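A short worksheet on the structure shown next.
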Amino acid sequence: MNQNAVIKAEILSQALPYIQKYHDKVVVIKYGGNAMINEELKMNVIQDVVLLSEIGIKVILVHGGGPEINQTLKKMNIESQFIHGLRYTDDETMNVVQMVLAGKTNKDLVKLIMQKGGNAVGISGIDNQLIVAKKHESQDDLGYVGDIVKINAHIIIDLLDKGYIPVVSSVGTDETGQTYNINADTAAAEIAAEIQAENMILVSDIPGLLMDKDDESTLIPLVHVYEVKGLTDKGIISGGMIPKVECCVRAIRENVKKAVIIDGRIPHSILIEMLSKDGIGTMFTR
C-alpha cells in the first residue's frame, strides 16, 4: 500500500468538516508587504486562494504592495518618506501608488490566479467607488493618505456571485475624485465588515501576536476582543501590531466571525489556518 496516498487521504478526510463549514461562505484574505517578495511563498498563497475557491469558498483577495512601491519610487528617484510608520503621499507619490497597486501588482496577482486555474477579476477601490475615502486627519500632514468613509460592495458581491475571485487593490477616492492611499489591512477589515464575512485573514511576515516580540515561541494563539486593551496597556500589542490588531477588532465588532493574523512565510499557511483543527497564527474572536 502506498503510505503517502494513505496520508494524503487522511489529510483530506480531516479537512472535510472545515470544507463543509466554509462552503459558500465569504472569506477575506489580505496579502501584502514583505510576504509578497518571495516568489515561492507567493505561489503558495495563490494556490491556496485558488483551492479554496474551487471547493466552494467565496474568496476576496485584498492586497497592498509596499515593497514594490518602494522599488518603483527608487527607480524614479523619488524619496520615500514615512511619518510614524505611515507613508507620506504627495501628488507624485500618489501617482506611483495608484500605478503600482491598481496596475502592475493587481494584474500580476490576477495572472497568477488564472495560471493556477482560478477565475479572477482585478479591481481597485476606485472602481464603482468601492472604497470611498477622506483625507486622514492627524497632527502630522500625511498628504493623500486616506481613511475609509464607506464601502460600496455591490461590485464585489456581483463578482462573487458569478464565481470570480475579486482581487482588490487598496486605493480609494473621495466624492470629488481625489485618489487616496489606503492601508490594506484597514481596507480588508472594512470590506469584511460590510459583507459580513465568515473569516478575515491577514497574511503577514510574522507568526502572529507574540507575548515576547523577540521570541517566536511565545505566540498567543487566541485573543478575545475584551483582552486587547489589557495586552496593549502591557505593551504586548505595540508598534506595527497595533493597527493590525485594531483591524481585527473592528472586523469582529462588525460581526465578522473571526479574524486571524498568520505567517505568510510558512508554506500553505492559509490552508493550515482554514482547513485544520489547530490552525495557525493568532485568532481574534468574541
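Note that the structure is a prediction, hence the values are computed from the model and not measured. All residue numbers in this chain count up from 1 along the given sequence. Computed from heavy atoms alone, side chains included, the values below leave out hydrogens, waters and symmetry copies.
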Mark yes or no for whether Ser80, through its side chain, and Asn70, through its backbone, hold a donor-acceptor pair below 3.5 Å. no
Using 0.5 Å steps for rounding, measure from the CG atom of Asn199 to the NZ atom of Lys21. 7.5 Å
Shortest non-hydrogen pair, Leu209 vs Ile236, comes out as CD1-O, 3.7 Å
Please find the pair of heavy atoms, one from Val171 and one from Ser124, that lie closest to each other, and give the distance. CG2-CB, 3.8 Å
Side chain to side chain contact (heavy atoms under 4.5 Å, CB included) assessment of His268 paired with Leu51: CA-CA 11 Å; His268 301 297; Leu51 190 149; over 6 Å; no
Atom CD of Gln178 and atom CG of Asp91: how far apart are they, to the nearest 0.5 Å? 7.0 Å
Give the minimum heavy-atom separation between Val167 and Ala120, together with the two atoms involved. CG2-CB, 4.1 Å
Taking every non-hydrogen atom, the tightest pair across Cys247 and Met200: O-CE, 3.9 Å
Got a sec, which pairs hit salt bridge (charged side-chain N to carboxylate O under 4.0 Å, His left out) with one end in residues 184-204, sequence neighbours left out? Lys30-Asp185, Asp185-Lys244, Glu190-Arg250, Glu198-Lys257
Hydrophobic clusters here meaning ILVMFWY residues chained together by side-chain heavy-atom distances under 4.5 Å, can you tell me if Val62 and Leu41 are in one? no
Begin with the C-alpha distance, continue with both residues' side-chain angles, and end with the deciding distance and a verdict on side chain to side chain contact (heavy atoms under 4.5 Å, CB included) for Met241 and Ile206. CA-CA 10 Å; Met241 283 301 294; Ile206 52 175; 3.2 Å; yes
Show the numbers, then the answer: is there a side chain to side chain contact (heavy atoms under 4.5 Å, CB included) between Arg87 and Leu73? CA-CA 12 Å; Arg87 184 189 301 278; Leu73 289 170; 3.5 Å; yes
Do NZ/NE/NH1/NH2 and the carboxylate oxygens of Glu68 and Lys42 come within less than 4.0 Å? no
Check whether more than 12 heavy atoms from other residues, nucleotides or ligands sit under 6.0 Å from atom NZ of Lys213, and answer yes or no. no
Measuring only between side-chain heavy atoms, which start at C-beta, is Thr179 closer than 4.5 Å to Tyr144? no
How about Tyr164: does its OH atom have over 12 heavy atoms from other parts shown lying under 6.0 Å from it? no
So for atom NZ, which belongs to Lys107, do other residues, nucleotides or ligands contribute more than 12 heavy atoms lying within a distance under 6.0 Å? yes
Side chain to side chain contact (heavy atoms under 4.5 Å, CB included) for Val97 and Met94? Distances and angles first, verdict last. CA-CA 5 Å; Val97 168; Met94 188 64 244; 3.9 Å; yes
Cluster overlap Val203 with Val168, hydrophobic side-chain contacts below 4.5 Å: no
Considering only heavy atoms from C-beta outward, does the side chain of Ile60 approach that of Lys58 to under 4.5 Å? no
Is a donor from one side chain sitting under 3.5 angstrom from an acceptor on the other, for Asp215 and Ser217? yes
Taking Val49 as the fixed residue, which of Leu112, Ile165, Leu271, Val27 is the one that meets the side chain to side chain contact (heavy atoms under 4.5 Å, CB included) rule? Ile165
CD1/Ile55 to CD/Gln20 distance, rounded to the nearest 0.5 angstrom? 10.5 Å
So, does Thr176 use its side chain to make a donor-acceptor pair with the main chain of Asp174 at under 3.5 Å? no
So, does Gln196 use its side chain to make a donor-acceptor pair with the main chain of Ala193 at under 3.5 Å? yes
Looking at side-chain heavy atoms only, is the closest gap between His224 and Thr285 below 4.5 Å? yes
Under 4.0 Å between a Lys/Arg side-chain N and an Asp/Glu carboxylate O for Asp108 and Lys104? yes
Do Val228 and Glu246 make a side-chain contact, defined as non-hydrogen atoms from C-beta onward lying under 4.5 Å apart? no
Which residues satisfy the side chain to side chain contact (heavy atoms under 4.5 Å, CB included) test with Glu92, sequence neighbours excluded? Ile78, Asp90
Would you say Val145 ends up clustered with Ile242 if hydrophobic residues are merged whenever their side chains have heavy atoms under 4.5 Å apart, either directly or through other cluster members? no
Could you pull out all residues at least two apart from Gln14 that satisfy side-chain hydrogen bond (donor to acceptor under 3.5 Å, both in side chains)? Glu10
Measuring only between side-chain heavy atoms, which start at C-beta, is Gln81 closer than 4.5 Å to Thr93? no
How about Leu210 and Leu219: do any of their side-chain heavy atoms sit closer than 4.5 Å? yes
Using a strict threshold of under 4.0 Å (side-chain N to carboxylate O), is an ion pair present between Glu54 and Lys116? no
With rounding to the nearest 0.5 angstrom, report the CD1 to NZ distance, Ile148 to Lys134. 11.5 Å
Heavy-atom pair with the smallest gap, counting every atom of Thr72 and Val100: OG1-CG2, 3.5 Å
For residues Leu52 and Leu275, determine if any side-chain heavy atom of one lies less than 4.5 Å from a side-chain heavy atom of the other. yes
Would Val50 end up clustered with Ile262 when hydrophobic side chains under 4.5 Å apart are linked, directly or stepwise? yes
Do the side chains of Val245 and Met283 join up, straight or via other hydrophobic residues, at under 4.5 Å, putting them in one cluster? no
Are the side chains of Val26 and Ile157 in touch, meaning some heavy atoms are under 4.5 Å apart? no
Considering all heavy atoms, the nearest Tyr18-Met274 contact: CB-O, 3.3 Å
Distance col, row Tyr180:OH vs Leu142:CG, nearest 0.5 angstrom, shows 12.0 Å
Check whether any side-chain N or O of Arg286 sits under 3.5 Å from a backbone N or O of Ile252 as a donor-acceptor pair, and report yes or no. yes
Other residues, nucleotides and ligands only: do more than 12 of their heavy atoms fall within 6.0 Å of CE on Met114? no
Find the distance between CG (Leu130) and OG1 (Thr173) and round it off to the nearest 0.5 Å. 9.5 Å
